Amino acid sequence: MPTERLQKIIAAAGITSRRKAEELITGGLVSVNGQAVTELGSKADPEHDHIRVNGKLLHGAERHVYLLMNKPKGYVTTLKDPEHRPTVMDLLHRVGARVYPVGRLDYASEGLLLLTNDGEFANLLMKAASHVPKTYMVKVAGTPPPEGLARLREGISIPSDRGKRVRTAPARIQVIRNAANPWYEVTLTEGRNRQIRRMFEEIGHHVEKIKRVRYGPLQLDVHPGEYRKLSGDEVAKLKLLTRGSVRK
């Protein structure tokens with residue numbers, strides 16, 4: 001078998017995403033045939049080389065598993081939580097592989113979440129440049145003025161996690177239910193942390209509820225707390241969508 005980059009081998013083995021694998025390599029936690037490797041360009045043969053990650057021997061690529069979950073409110077999308085809150089991993093039973101979330105929905109949000117052990121696939125989906133559309137049902141406190149919604153549709157400056165301000169990509173926003181606290185359908189082509197909440201806060205309105213209902217070609221079709229495997233056709237459509245976006 002030809003040699004491959006170490007981070008790709010580690011991701012294919014279901015240990016973690018490619019990005020996290022790179023951090024393990026540069027952190028000196030990966031060895032090949034007994035020698036520590038810290039260069040990201042390093043390659044190995046997964047069939048013949050002995051590759052260890054944090055002291056544990058890799059056993060080759062896992063069978064890839066792709067899941068669609070309806071994340072309930074009150075769960076975090078991490079493997080473990082330092083505050084001991086429930087995580088989406090607590091909802092998984094007899095999956096047959098160690099999967100991890102693709103991106104995240106925050107603690108108070110709910111809806112469609114993907115989980116997989118295919119690190120390469122997860123890495124492509126998590127890149128903002130992949131431009132995979134994601135649609136949310138959003139309930140807002142108070143009624144934003146038309147000019148405020150226009151700013152959101154065109155792209156608006158919001159604070160990032162690092163304190164700097166960033167400009168969002170144009171968003172598609174449609175009114176679903178007019179009320180004192182209206183509901184909107186919001187479609188984004190990027191995935192910044194707490195983006196929708198920060199967008200509406202920027203025009204003076206608090207977001208009360210967020211539920212993701214579509215992710216690319218996928219629609220939310222399971223009950224809260226439940227999950228299902230993606231079909232081969234669904235996986236193929238997602239992969240085609242990410243590859244097409246990367247080429248642009």
Side-chain angles (χ1 to χ4, degrees), residues 68-78 81 83 85-88 90-91 101-115 125-227 238 241 245:
L68 181 157
M69 173 185 285
N70 187 344
K71 173 198 171 300
K73 181 180 178 180
Y75 285 77
V76 292
T77 52
T78 55
D81 181 56
E83 299 177 27
R85 294 172 295 179
T87 79
V88 293
D90 298 327
L91 301 169
V102 179
R104 66 176 58 191
L105 287 171
D106 64 37
Y107 183 76
S109 300
E110 55 188 299
L112 198 160
L113 178 70
L114 296 177
L115 301 100
L125 282 178
M126 287 189 290
K127 285 183 177 179
S130 67
H131 295 300
V132 178
K134 294 165 280 289
T135 300
Y136 304 79
M137 307 281 284
V138 180
K139 184 181 181 182
V140 178
T143 304
E147 58 270 22
L149 294 177
R151 291 175 62 198
L152 301 186
R153 292 186 177 109
E154 294 170 1
I156 191 169
S157 173
I158 61 172
S160 68
D161 288 343
R162 297 181 180 180
K164 295 182 179 179
R165 298 190 69 83
V166 295
R167 189 167 185 83
T168 64
R172 188 166 70 245
I173 301 177
Q174 296 178 312
V175 180
I176 297 174
R177 186 186 306 163
N178 275 315
N181 299 319
W183 283 86
Y184 297 93
E185 181 183 86
V186 179
T187 300
L188 305 179
T189 53
E190 55 188 348
R192 302 181 188 278
N193 191 29
R194 299 180 63 82
Q195 178 172 339
I196 291 177
R197 296 183 189 279
R198 289 169 176 170
M199 285 168 61
F200 278 95
E201 285 168 2
E202 198 65 29
I203 61 170
H205 290 268
H206 172 71
V207 169
E208 294 186 342
K209 293 184 180 180
I210 296 179
K211 183 176 184 178
R212 184 156 64 194
V213 293
R214 288 196 293 276
Y215 192 117
L218 305 178
Q219 293 198 31
L220 185 63
D221 56 5
V222 294
H223 295 297
E226 296 184 359
Y227 57 92
L238 273 177
L241 188 57
S245 299

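This structure is a prediction, so every number in the text was calculated from the model and none was measured.
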Under the side-chain contact (heavy atoms from CB on, under 4.5 Å) rule, what do Arg172 and Thr189 come out as? Steps first, then yes or no, please.
CA-CA 9 Å; Arg172 188 166 70 245; Thr189 53; over 6 Å; no

Measure across Asn181 and Gly142 and return the closest heavy-atom pair with its distance rounded to 0.1 Å.
OD1-N, 3.0 Å

So, the side chain of Glu202 versus the backbone of Ile156: is there a donor-acceptor pair under 3.5 Å, distance only?
no

To the nearest 0.5 angstrom, please state how far the NZ atom of Lys134 sits from the CG atom of Leu218.
11.5 Å

Spatial distance of atom CG (Leu91) from atom CD (Glu226) [nearest 0.5 Å]:
10.0 Å

Could you tell me if the side chain of Phe200 sits less than 4.5 Å from the side chain of Ile210, heavy atoms only?
no

Are Met126 and Pro101 packed together at the side-chain level, in the sense that at least one heavy-atom pair is separated by less than 4.5 angstrom?
no

Using a 4.5 Å cut-off on heavy atoms from C-beta on, say whether the side chain of Pro217 contacts that of Leu238.
yes

Hey, does the side chain of Arg167 reach the backbone of Gly155 with a donor-acceptor pair shorter than 3.5 angstrom?
yes

Might you confirm whether atom CZ of Arg153 has over 12 heavy atoms from other residues, nucleotides or ligands at distances under 6.0 Å?
yes

Roughly how far, to the nearest 0.5 Å, is the CG atom of Leu105 from the NZ atom of Lys211?
11.5 Å

Can any side-chain N or O of Asn70 pair as donor or acceptor with the backbone N or O of Gly225 at less than 3.5 Å?
no

Note, Asp221 side chain near Leu68 side chain (heavy atom, < 4.5 Å):
yes

How close do Arg165 and Pro159 get, heavy atom to heavy atom, and via which atoms?
NH1-CD, 3.8 Å

Smallest heavy-atom separation, Pro182 atom then Pro144 atom, equals CG-CD, 4.3 Å

Which atom of Ala169 lies closest to which atom of Glu190, heavy atoms considered:
N-OE2, 2.6 Å

Sorted by chain and number, sequence neighbours left out, side-chain contact (heavy atoms from CB on, under 4.5 Å) with Asp106 holds for Ala108, Ser109, Arg194, Arg197

Go through Leu188 and Met199 one step at a time and tell me if the side-chain contact (heavy atoms from CB on, under 4.5 Å) criterion holds.
CA-CA 11 Å; Leu188 305 179; Met199 285 168 61; 4.2 Å; yes

Output for pair (Tyr107 OH, Lys71 NZ), nearest 0.5 Å, gives 8.5 Å

Closest approach of Tyr215 to Val132 (non-hydrogen atoms, all atoms of both residues)
CE2-CG1, 3.7 Å

Rounded to the nearest 0.5 angstrom, the NZ-CD1 distance for Lys164 and Ile158 is 15.0 Å

Salt bridge (Lys or Arg N to Asp or Glu O under 4.0 Å) involving Glu185 - partner list, sequence neighbours excluded
Arg214

Suppose we screen for salt bridge (Lys or Arg N to Asp or Glu O under 4.0 Å). Which residues come up paired with Lys139, at least two apart in sequence or across chains?
Glu208

Go through the steps to decide whether Leu149 and Tyr184 satisfy the test side-chain contact (heavy atoms from CB on, under 4.5 Å), and finish with yes or no.
CA-CA 10 Å; Leu149 294 177; Tyr184 297 93; 3.8 Å; yes

Check whether more than 12 heavy atoms from other residues, nucleotides or ligands sit under 6.0 Å from atom CZ of Arg177, and answer yes or no.
no

Backbone N or O of Ser157 within a donor-acceptor pair of the Arg151 side chain at under 3.5 Å?
no

Hey, does the side chain of Arg212 reach the backbone of Leu112 with a donor-acceptor pair shorter than 3.5 angstrom?
yes

Could you check Thr77 against Thr87 for side-chain contact (heavy atoms from CB on, under 4.5 Å), going step by step and ending with a plain yes or no?
CA-CA 6 Å; Thr77 52; Thr87 79; over 6 Å; no

Can you tell me how far CZ of Arg104 sits from CG of Asn193, rounded to the nearest 0.5 angstrom?
6.0 Å

When you compare the side chain of Leu115 with that of Tyr227, does any pair of heavy atoms fall below 4.5 Å?
no

So, does Thr135 use its side chain to make a donor-acceptor pair with the main chain of Thr187 at under 3.5 Å?
no

